[in-house]
Participant: 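Below is one structure. I have some questions about it.
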Amino acid sequence: MIYYPIFLSVREKPVLVVGGGPVAVRKAAGLLEAGAKVTLVSPDLSRDLPVHWKKRRYRPSDLDGHALAFAATDDRKVNARIARQAKERGIPVNVADAPEECDFIVPARIERSGFQLAISTSGTNPRASAALRRKLEEIL
C-alpha cells in the first residue's frame, strides 16, 4: 500500500490510545509532545504519563469525540475490533503491527533544529525504518 505523506497538527485535538504497554506509551508520548489531548484506555500502564487514563478495558464508546485512534494492545482481535469500529465512525486509526488495518502509519522521525525528517517503509518494515533513523541521527 502506498501512503500519502502528511504532517498533521494534533495540537489540542482529542486522540484515543488503547493499550498500556511500551508501544502504546511510546505513541501516547509522541502525541503529547505534539500537543494532543490524549485519552489512554488500559487496565494497566507501563509508565506514568500526563494523560486522561481510563483504567479499564476498551469499550466502543471510548471512540466517541476523538479525532484519531491508536490500537496498541497485545491482543490482535481487540486491535482489529478497534480499527473496524473507528472506521465505521469515520475516525482515522493506526493499528500497531498491522499496516493493512491502518488508515495512517507513524513513520520513524528525526527532529533537529526546527526540521523533521520522516522515514517510512509503508508499514512493511518498521524495524528497518528505526534502524535507518538511528544511522541518520548519527550523521546529523
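Since this is a predicted model, take the numbers as computed values, not measurements.
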Participant: Is there a path of hydrophobic side-chain contacts, each under 4.5 Å between heavy atoms, that joins V17 and L8?
Facilitator: yes
Participant: Do you know which two heavy atoms are closest between G123 and I105, and how far apart they sit?
Facilitator: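 For G123 versus I105, the nearest heavy atoms are N-CD1, 3.6 Å.
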Participant: Is it the case that more than 12 heavy atoms not belonging to R112 sit under 6.0 Å from its CZ atom?
Facilitator: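 It does: R112 CZ has more than 12 such atoms within range.
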Participant: Please round to the nearest 0.5 Å and tell me the distance separating atom CD of Q85 and atom CZ of R59.
Facilitator: 13.0 Å
Participant: Search all heavy atoms of V15 against all heavy atoms of A36 and return the closest pair with its distance.
Facilitator: CG2-CB, 3.9 Å
Participant: With a 4.0 Å cut-off on N to O distance, would you call E138 and R134 a salt bridge?
Facilitator: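 Result for this pair is no, no salt bridge flagged.
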Participant: Indicate the atoms forming the closest heavy-atom contact of A72 with N79, along with that distance.
Facilitator: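 What the structure gives for the nearest pair is N-OD1, 3.7 Å.
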Participant: Determine whether E12 and K37 make a side-chain contact, defined as any pair of heavy atoms from C-beta on separated by less than 4.5 Å.
Facilitator: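 A side-chain contact under 4.5 Å exists here.
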Participant: Does the S46 side chain pair with the main chain of G20, one donor and one acceptor, at a distance under 3.5 Å?
Facilitator: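 It does hold such a pair.
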Participant: Quick one, R89 and D64 - any side-chain contact, counting heavy atoms below 4.5 Å?
Facilitator: yes
Participant: Check whether any side-chain heavy atom of Y58 lies under 4.5 Å from a side-chain heavy atom of I82, and answer yes or no.
Facilitator: yes
Participant: Salt bridge (Lys or Arg N to Asp or Glu O under 4.0 Å): which pairs involve residues 72-85, sequence neighbours left out?
Facilitator: R76-E101
Participant: Side-chain contact, heavy-atom cut-off 4.5 Å: N94 with K27?
Facilitator: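 Yes, at least one pair of side-chain atoms sits under 4.5 Å.
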Participant: Should L49 and V23 be regarded as members of a common hydrophobic cluster, given that ILVMFWY residues are connected when their side-chain heavy atoms come within less than 4.5 Å of each other, either directly or indirectly?
Facilitator: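 No; tracing contacts between hydrophobic side chains, which count when under 4.5 Å, never links both residues.
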Participant: Transitively linked via ILVMFWY side-chain contacts under 4.5 Å: V18 with W53?
Facilitator: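 Each belongs to a different hydrophobic cluster.
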Participant: Transitively linked via ILVMFWY side-chain contacts under 4.5 Å: V51 with V106?
Facilitator: yes
Participant: Identify, with sequence neighbours excluded, every residue that meets salt bridge (Lys or Arg N to Asp or Glu O under 4.0 Å) alongside D97.
Facilitator: none
Participant: List the atom of A69, the atom of L63, and the distance in Å for their closest heavy-atom pair.
Facilitator: CB-CD2, 3.8 Å
Participant: Which heavy atom of S129 sits nearest a heavy atom of A108, and at what distance?
Facilitator: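 Of all heavy-atom pairs spanning S129 and A108, the closest is O-CB, 3.6 Å.
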Participant: Quick one: list whatever passes ring-ring contact (aromatic ring centres under 6.0 Å, His included) with Y3, sequence neighbours left out.
Facilitator: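 In terms of ring-ring contact (aromatic ring centres under 6.0 Å, His included), with neighbours along the sequence ignored, Y3 is linked to no residue.
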Participant: Nearest 0.5 angstrom please: R133 CZ to I119 CD1, how far?
Facilitator: 7.5 Å
Participant: Step through the shown structure and confirm whether more than 12 heavy atoms of other residues, nucleotides or ligands are within 6.0 Å of NZ on K135.
Facilitator: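 Counting other residues, nucleotides and ligands, NZ of K135 stays at 12 neighbours or fewer.
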Participant: Are any of the side-chain heavy atoms of D62 and R56 separated by less than 4.5 Å?
Facilitator: yes
Participant: With hydrophobic residues grouped by side-chain heavy-atom distances under 4.5 Å, do I139 and L117 end up in a single group?
Facilitator: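 Same cluster: I139 reaches L117 through Ile, Leu, Val, Met, Phe, Trp or Tyr contacts under 4.5 Å.
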Participant: Identify the two heavy atoms, one from A28 and one from L40, that lie closest to each other, and give their separation to 0.1 Å.
Facilitator: CB-CD1, 4.1 Å
Participant: Please name the residue in the list L31, L68, V41 that meets the side-chain contact (heavy atoms from CB on, under 4.5 Å) test with L16.
Facilitator: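 For L16, the side-chain contact (heavy atoms from CB on, under 4.5 Å) check succeeds only for V41.
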